[in-house]
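Beneath this line is the structure, given in structure tokens, with notes to follow.
Note that this is a predicted model, so its numbers are computed, not measured. Proteins come first, then strands; the chains are lettered A, B, ... in the order of their sequence lines, and each starts at number 1.
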Amino acid sequence: MVKSSLCMKGILMNRIAQVCVNLPARNIDKVFSYAIPETLHFLDIGWRVVVPFGSRTYEGFIVALSEETSSEYEVKPIIDVLDSQAWFSDSMLQTAKWISEHYLCTLAEAMRLFIPGKTGIKSEKQFGITPDLEQAVVEQILSRLPLQPQAVYDYLKTHEQVVLSKLKKIFGDYTEAALNDLLANKLIVRTTTAKKRAVPQFTTSVRLAIPPEEAETYLETLAGKPAQKRLLALLLQKEEVKYSDLSTWQITRDTVNRLVKAGLVKNVKHQVLRNSYAGMGRRQQTVRLTPEQQQTIDHIIPAIDEQQYRSFLLHGITGSGKTQVYIEAVAAVRQQDRQAIVLVPEIALTSQIVSRFKERFGEDVVVMHSKLSIGERHDAWQRLQEESAGIVIGARSAVFSPVTRLGIIVIDEEHEFTYKQEEQPHYHTRQVAAKRTELEGAVLLLGSATPSLETYYAAQQGRHVLLTLDKRIDHSLLPDVRIVDMREELAQGRRSVISAPLQQLLADTLRRQEQAIILLNRRGYATFVLCRECGHIIKCKHCSVSMVYHNSSNMLRCHYCQASCPAPDICPVCASRYIRYFGTGTQKLEEELGKIFPQARVIRMDQDSTSRKMAHDRIIASFSRGEYDILLGTQMVAKGHDIKNVTAVGIISADSALNLPDFRSAERTFSLLTQAAGRAGRGDKAGQVVIQTYNPEHYAIMASSSHNYEVFYRQEIEARKSLQYPPFSELLKLTVYSSDENQARSQAEQIVRQLGKELQHDRQTEIIGPFAAPIAKINNSYRVNILIKSKELTNIKSQIVALKLNSRSDVLLDIEPLNIL
DNA sequence: AGCACGCCGACT
DNA sequence: GTCGGCGTGCTC
């Protein structure tokens, strides 16, 4: 109380914020100091602010506070705030710091992951006259300039600061040239303004501005004004009317405005929280758990109650009821008033899990996915921040949700590769989740039928508690799997992509009026176009891959850069007419199925048929209503859904992923086959699966045919150990990009030399490469890879930082890549 | 990223 | 002598 206000003021004025400026550049990775002005005295760590930076304005994140003012440089004040509370909690900030260190990205890059969109502000150039110039000098310079700049200057003289868009409206096409003239002569100054990006959406409603009794008396006076009378009468009844509903009562906005002017009614704004999944399910509580599920839950609940970090791997076969376990665990977290993050590989493919959560938790659930607009994302996150929602379900980016009191992170299908971000920074959701839960004293629950090798190995080592569900909930049996050797098919003279056993299975299934799913992991019609005369294969001009023929549009398309061209009739090289289409994609398979089973109703699901929002949902929904007999598509048909009448699954080519020169190809194949097979026989009818392959003796294929994860794991882990691949080592992939092939190679060679010199005494590290990526060119950019394999990457990472490889624009780093190609 | 500063070659 | 190329360095 006695402390003088002067003293208080002194401290307040000297408060300095350390701000991480949200810059796109990779070569600036440091925090900048800004003064906290008195008007923003409430600022604290974690707030998003607007700061001046050079001549421009940027968003910044406060990462630390200090009292002292060092006088080495001028400290500019913070301009504004973005939100009404801190965006980053302490643990979010710590997680961001960890990400930047672990994945070698800037702190700004890491912090950007936690906000909707790339930046919270939109900046625009603005102009004003240079202050304190002598009138005579100005006149003299102006007189030498053309009329346009003179006119612009006169305008700016009478207006404080004007944004570029406004000047363009007034002065048209000459604006920029005129401004450049004025800038060159230093008559005007350019700055930037910052507008807050996340403008919350509002609805406007009308309310009475006077007490109802008073309004009653006014009704009489409005006899000659029927519309105004109607509105007033309505408001006496309903208290509030939305603008959007006014038309139903035949009241125009003008009528409202008249009454507003008269002071009888007023406008009220409500913020709309956009929620595209609103009303998807109703609350429903009666669930009986199987003894197995109950046992599992009994392990997880105590950990939740203790509020200490603990991680679990829930290994449950397909159809064993993992989702119910997630729901019970989340319910326990909600009981403690803590919040939950539930992660799924791809939200479009897993709407069933969303409905299950909605059924149980209703409006407490917020759904996030990549197709949400920045505004929708902002609203969803705001609901979590304000704790008006307690559960977020979403794809990998939802791991960054700003929940204030985290109790659990669930990762469903934790082995899925979509959890790894393929753009910079290449984070893995599982690792970020582990860090966040660790920092918050929360539970991490990983679930899968085919856990990733890393996770299962970690569980074996005691780093996760292993929980197992090995019975299907409805006691349905796992499907019968038949492996078809396609070499034998060929020997018997069958050339169709559909083998005899698969054709038989489909015929039987159709006869019983049951449904079938067919997996073919190649889009389009024909996968390459070849000239029989000269052997030319049509390749993309920008990428070193063959173009794929799409018959729906009669075009050739590149699946890497999306370039397309009309399908040619003659060979572009030798003009021969012997141009032929080879390789079967989903479109051609659809056509063939139509020929073999003309009566069958076939629906195709792949990237081309699901480009619209929610198209997956519609296809799955109509297939599950029995409107189609056969669902055919790429790997997206293998995920998540649970359709009781599906009794047959066909896998056209089990080898497509197996033959890639990547140490994870067996794992990839095993999990895809097991997931796909798991779609069959989920009801009371037995399921049957046909796997077509040229490698019938491969352990990944054999193990998946017997649904035996353990068998696969034991063989795969031995292979990894003997070759010292993860989890027995850590990998780092370095990609050098260039539009010039030789440049890419020579840069890569130089990097290998530099690193090799630094690491020559490091026996545990191996540098592999440089080698050209298998698809050497994508989008006119040549790529050369370097792979570093080590027991422990820490030393390598510090070398990379020392050599500044992490801030080079022609080098991309991928720490622990899932894909080494 | 942008923008200023600065050091070399092609012109009025 | 000046204009303008883009290499280098800085932004609290």
Side-chain angles (χ1 to χ4, degrees), chain A residues 12-41 43-82 93 100 104-113 115 117-128 130 141 144-145 163-164 176-177 179-195 197 423-425 737-740 743 747 803-812:
Chain A
L12 286 174
M13 283 193 61
N14 288 334
R15 275 176 86 215
I16 299 294
Q18 305 300 324
V19 175
C20 165
V21 182
N22 185 5
L23 295 164
R26 275 219 279 162
N27 55 351
I28 309 168
D29 192 15
K30 56 177 182 179
V31 292
F32 292 84
S33 305
Y34 287 90
I36 296 177
E38 263 183 283
T39 47
L40 302 176
H41 63 91
L43 283 179
D44 206 341
I45 292 172
W47 281 73
R48 297 199 294 170
V49 292
V50 181
V51 290
F53 192 75
S55 65
R56 280 150 306 134
T57 310
Y58 279 102
E59 174 185 36
F61 314 113
I62 300 183
V63 295
L65 293 172
S66 54
E67 300 289 332
E68 70 272 30
T69 328
S70 64
S71 51
E72 285 169 53
Y73 40 72
E74 178 206 358
V75 177
K76 294 181 183 173
I78 289 170
I79 298 170
D80 200 0
V81 291
L82 280 182
L93 187 57
S100 70
L104 300 178
C105 65
T106 63
L107 183 57
E109 262 180 302
M111 295 190 83
R112 262 202 297 277
L113 297 167
I115 61 169
K118 288 213 162 99
T119 169
I121 60 172
K122 204 178 162 183
S123 48
E124 196 180 359
K125 287 176 189 166
Q126 65 174 13
F127 301 86
T130 311
I141 301 172
R144 282 186 314 213
L145 291 174
V163 294
L164 181 62
E176 303 221 26
L179 288 169
N180 285 337
D181 274 354
L182 293 168
L183 280 172
N185 286 289
K186 299 196 193 299
L187 290 177
I188 60 171
V189 185
R190 174 172 49 198
T191 48
T192 50
T193 50
K195 256 192 278 176
R197 235 287 169 63
E423 297 96 55
Q424 195 89 3
Y737 283 79
S738 175
S739 53
D740 177 69
Q743 167 78 9
Q747 286 297 321
L803 293 169
K804 294 194 169 155
L805 295 175
N806 56 331
S807 60
R808 272 173 61 163
S809 56
D810 62 337
V811 173
L812 280 190

### Query
Donor-acceptor pair, A/Arg112 side chain versus A/Leu23 backbone, under 3.5 Å?
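Side chain of A/Arg112 to backbone of A/Leu23, a donor-acceptor pair under 3.5 Å: yes, one is there.
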
### Query
A/Arg15 side chain to A/Leu43 main-chain N or O, any donor-acceptor pair under 3.5 Å?
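Answer holds: yes.
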
### Query
In terms of side-chain heavy atoms, does A/Arg26 have a donor or acceptor partner in A/Asn806 at a distance below 3.5 Å?
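No, no side-chain donor-acceptor pair sits under 3.5 Å.
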
I need the [atom1]-[atom2] distance between [X] and [N], as an integer number of Å.
X: A/Glu109; N: B/dA1; atom1: CD; atom2: P; answer: 11 Å
X: A/Asn180; N: B/dC3; atom1: CG; atom2: C1'; answer: 13 Å
X: A/Arg56; N: B/dA1; atom1: CZ; atom2: P; answer: 11 Å
X: A/Arg112; N: B/dA1; atom1: CZ; atom2: P; answer: 11 Å

### Query
Looking only at heavy atoms, which two atoms of A/Thr106 and A/Ile28 are closest? And how far apart?
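For A/Thr106 versus A/Ile28, the nearest heavy atoms are CG2-O, 3.9 Å.
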
### Message
Using a heavy-atom cut-off of 4.0 Å across all strands, would you classify A/Tyr34 as base, sugar-phosphate, or nothing?
### Response
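Since only primed, P, OP1 and OP2 atoms lie under 4.0 Å of A/Tyr34, the category is sugar-phosphate.
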
### Query
Do any side-chain nitrogens or oxygens of A/Tyr58 fall under 4.0 Å of OP1 or OP2 in B/dA1?
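No.
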
### Query
Given side chains that start at C-beta, do those of A/Val49 and A/Leu40 come closer than 4.5 Å, heavy atoms only?
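They are not in side-chain contact.
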
#### Entry: Along DNA chain C, first and last positions that approach a heavy atom of chain A under 4.0 Å
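Endpoints of the contacted stretch of DNA chain C: C/dT11 to C/dC12.
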
### Query
Among A/Val63, A/Ile45, A/Ile62, which residue meets the side-chain contact (heavy atoms from CB on, under 4.5 Å) test with A/Gln18?
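Checked A/Val63, A/Ile45, A/Ile62 against A/Gln18; only one passes side-chain contact (heavy atoms from CB on, under 4.5 Å): A/Val63.
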
